[in-house]
Amino acid sequence: MSKPKVICFTNNKGGSGKSTSCANLGYELAAAGRRVLLIDGDMQLNLSLSYFDEKKVLKMAEGEKNLYCAIKNRRDLSDFVVSTDYEKLDIIPSSTLMSQIEYDLFTMLQRELVLKKCLQGIRKAGEYDYILIDAPPTLGTWVINILCAADYVIVPVEASPWGLFGLANMFDFLNSMGEMTQAQIMGVLITKVDERKNYYRQTREVLSDYGNIHVFDTFIHVDSSIEWAQDASVPVAVYKKQTRSAKEFGKLAKEVMDYGSR
């Protein structure tokens, strides 16, 4: 029985490509034969919309089989897993009610550990190789929950003038967690790269100043196929297998699977 690796995607700045990276990495890991569970931790529902159309997502969000209902009632997450159209790939969808999760957590004992406890059953069952959690672009109690439940953190960063804004705060926040979480920073993933501009080089230079922070060799180019895939509620490799970004997410999956052997 294997122990799943729980990876959190987080950045306190919106528009970093967090949900896109989580969704497409999950698909590529499953395509490589790994068993994957995606958890949509954001009220914006973008991870859920990456796999189901809007009507289906809103139905799940308004029902009782979503992450909000599980966390609010401190239930085992095993009961909230939904199958996708792809082999070895499941998801726990989100709800717009996640907007009030901070308030709900405030009333609970050991509020920082609620998600970790709700995940214990899935962890022990060993049915998944990877559990990927899409966190919202905040630094509140709910994100602390996600970090406490995670083994690793991937920080997507947009290659743009504002992409690095607040990144120091993000790292300070992760460092301030201290003994609350054992999560390690697996790496920074640079996204939305346009090599006609200098932002990618500048981004790598700034990140190099952080010293021991790993930056993935793989980076994700700007690619209109990503937006078309999102519009169709499918991974980019399903929308167009030979597109550049699909190949890049495939390379990222290999880096993630090889992590620890470096």
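Since we're looking at a predicted model, the values are computed, not measured.
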*Asks:* Quick one: are Lys56 and Pro93 in side-chain contact, heavy atoms under 4.5 Å?
*Replies:* no

*Asks:* Under a 4.5 Å cut-off applied to non-hydrogen side-chain atoms, are Ile7 and Cys22 in contact?
*Replies:* no

*Asks:* Consider only side-chain N and O atoms of Asp223 and Thr243, and report whether a donor and an acceptor are under 3.5 Å apart.
*Replies:* yes

*Asks:* Are the side chains of Cys118 and Ile71 in touch, meaning some heavy atoms are under 4.5 Å apart?
*Replies:* yes

*Asks:* Do Ile122 and Tyr130 belong to the same hydrophobic cluster, where Ile, Leu, Val, Met, Phe, Trp and Tyr are linked whenever their side-chain heavy atoms lie under 4.5 Å apart, directly or via other members?
*Replies:* no

*Asks:* Roughly how far, to the nearest 0.5 Å, is CG of Leu113 from NZ of Lys116?
*Replies:* 6.5 Å

*Asks:* Identify the heavy atoms of Asn66 and Phe80 that sit nearest to each other, and give their distance.
*Replies:* O-CD2, 3.4 Å

*Asks:* Do any N or O atoms from the side chain of Asn145 and from the backbone of Arg111 form a donor-acceptor pair under 3.5 angstrom?
*Replies:* yes

*Asks:* Would you check if the side chain of Asp40 reaches a backbone N or O of Ser48 as a donor-acceptor pair within less than 3.5 Å?
*Replies:* yes

*Asks:* Looking at Thr218, is its backbone amide N or carbonyl O close enough to the side chain of Glu255 to form a donor-acceptor pair, meaning the two atoms are under 3.5 Å apart?
*Replies:* yes

*Asks:* Is there a side-chain contact (heavy atoms from CB on, under 4.5 Å) between Leu25 and Leu29 once you walk through the steps?
*Replies:* CA-CA 6 Å; Leu25 175 62; Leu29 289 171; 3.9 Å; yes

*Asks:* Report the residue from Lys3, Arg35, Arg34, Lys5 that forms a salt bridge (charged side-chain N to carboxylate O under 4.0 Å, His left out) with Asp129.
*Replies:* Arg35

*Asks:* Within the side chain of Tyr152, is there an N or O that forms a donor-acceptor pair under 3.5 Å with the backbone of Gly187?
*Replies:* no

*Asks:* Counting only heavy atoms not in Lys240, do more than 12 sit closer than 6.0 Å to its NZ atom?
*Replies:* no

*Asks:* Do the rings of Phe219 and His221 sit parallel, tilted or perpendicular, given the 30° and 60° boundaries?
*Replies:* tilted

*Asks:* With rounding to the nearest 0.5 angstrom, report the CD1 to CG distance, Ile92 to Leu119.
*Replies:* 7.0 Å

*Asks:* Do you know which two heavy atoms are closest between Pro136 and Val143, and how far apart they sit?
*Replies:* O-CG2, 3.8 Å

*Asks:* Hey, could you give me each pair passing side chain to side chain donor-acceptor pair (under 3.5 Å) that has a residue in residues 226-237? Not counting sequence neighbours.
*Replies:* Thr20-Gln230

*Asks:* Determine, step by step, whether Lys247 and Gln242 satisfy the side-chain contact (heavy atoms from CB on, under 4.5 Å) criterion, reporting the C-alpha distance in whole Å, the side-chain angles of both residues, the deciding distance to 0.1 Å, and the verdict.
*Replies:* CA-CA 7 Å; Lys247 294 176 182 177; Gln242 295 304 315; 3.3 Å; yes

*Asks:* At what distance, to the nearest 0.5 angstrom, does OG1 of Thr181 lie from CD1 of Ile144?
*Replies:* 10.5 Å

*Asks:* Determine whether a donor-acceptor pair (N or O, by modelled atom type, separation under 3.5 Å) exists between the side chain of Asn73 and the backbone of Arg75.
*Replies:* no

*Asks:* Under the rule for ring pair (Phe, Tyr, Trp, His ring centres under 6.0 Å), what residues qualify as partners of Tyr68, not counting sequence neighbours?
*Replies:* none

*Asks:* For the CD1 atom of Ile220 and the OG atom of Ser21, what is their distance to the nearest 0.5 Å?
*Replies:* 6.0 Å

*Asks:* For the residue pair Glu158 and Thr203, what are the closest heavy atoms and their distance?
*Replies:* O-OG1, 4.5 Å

*Asks:* Hydrophobic cluster membership, with links at side-chain heavy-atom distances under 4.5 Å among I/L/V/M/F/W/Y: are Ile226 and Phe52 in one?
*Replies:* yes

*Asks:* Check for a donor-acceptor pair, side chain of Trp142 on one end and backbone N or O of Leu105 on the other, with a separation under 3.5 Å.
*Replies:* no

*Asks:* My understanding is that only residues two or more places apart in sequence, or in another chain, count here; which of them pass side chain to side chain contact (heavy atoms under 4.5 Å, CB included) with Ser16?
*Replies:* Asn11, Lys18, Pro156

*Asks:* Given the rule that I, L, V, M, F, W and Y join up when any side-chain heavy atoms are under 4.5 Å apart, are Leu207 and Tyr199 in one cluster?
*Replies:* no

*Asks:* On a heavy-atom basis, which atom in Lys192 and which in Gly17 lie closest, and how many Å separate them?
*Replies:* CE-N, 4.3 Å

*Asks:* Is the ring centre of Tyr27 less than 6.0 Å from the ring centre of Phe249?
*Replies:* no

*Asks:* Flag the pair Arg201 and Glu205 as a salt bridge only when some basic side-chain nitrogen lies within less than 4.0 angstrom of an acidic carboxylate oxygen.
*Replies:* yes

*Asks:* What's the shortest heavy-atom distance between Cys69 and Gly63, and which atoms?
*Replies:* SG-O, 3.7 Å

*Asks:* Within this structure, what is the OG-CG distance for the pair Ser50 and Leu45, rounded to the nearest 0.5 Å?
*Replies:* 10.5 Å

*Asks:* I need the minimum non-hydrogen distance between Arg204 and Phe216, along with the two atoms involved.
*Replies:* NH1-O, 3.6 Å

*Asks:* Quick one: does Ile39's side chain get under 4.5 Å of Ile131's, heavy atoms only?
*Replies:* yes

*Asks:* Do Arg74 and Val114 come close enough that some side-chain heavy atom pair is under 4.5 Å?
*Replies:* yes

*Asks:* Within the supplied structure, the quantity of interest is the number of heavy atoms (other residues, nucleotides, ligands) at a distance under 6.0 Å from Gln100 CD; does it exceed 12?
*Replies:* yes

*Asks:* Side-chain heavy atoms nearer than 4.5 Å, only ILVMFWY residues, links allowed to pass through others: does that put Leu174 and Val215 together?
*Replies:* yes

*Asks:* For a 4.5 angstrom cut-off between non-hydrogen side-chain atoms, does Met170 reach Thr10?
*Replies:* yes

*Asks:* Quick check for you: to the nearest 0.5 Å, what is the distance between Leu37 atom CG and Lys88 atom NZ?
*Replies:* 14.5 Å

*Asks:* When you look at Phe173 and Asn12, which way does the side-chain contact (heavy atoms from CB on, under 4.5 Å) test go after all the steps?
*Replies:* CA-CA 10 Å; Phe173 180 74; Asn12 58 312; over 6 Å; no

*Asks:* Hey, are Asp194 and Arg196 close enough for a salt bridge, meaning a charged N less than 4.0 Å from a carboxylate O?
*Replies:* yes

*Asks:* Around atom NZ of Lys13, are there more than 12 heavy atoms of other residues, nucleotides or ligands at under 6.0 Å?
*Replies:* yes

*Asks:* Walk me through whether Gln182 and Asp151 qualify under side-chain contact (heavy atoms from CB on, under 4.5 Å).
*Replies:* CA-CA 6 Å; Gln182 301 300 310; Asp151 302 313; over 6 Å; no

*Asks:* Say whether Leu67 and Leu147 are linked into one hydrophobic cluster, either directly or through other cluster members, by side-chain heavy-atom distances under 4.5 angstrom.
*Replies:* no

*Asks:* Are any non-hydrogen side-chain atoms of Arg123 and Val6 less than 4.5 angstrom apart?
*Replies:* yes

*Asks:* Is there a donor-acceptor pair under 3.5 Å between the side chain of Asn24 and the backbone N or O of Val236?
*Replies:* yes

*Asks:* Answer yes or no: is there a side-chain heavy-atom contact under 4.5 Å between Thr84 and Leu38?
*Replies:* no

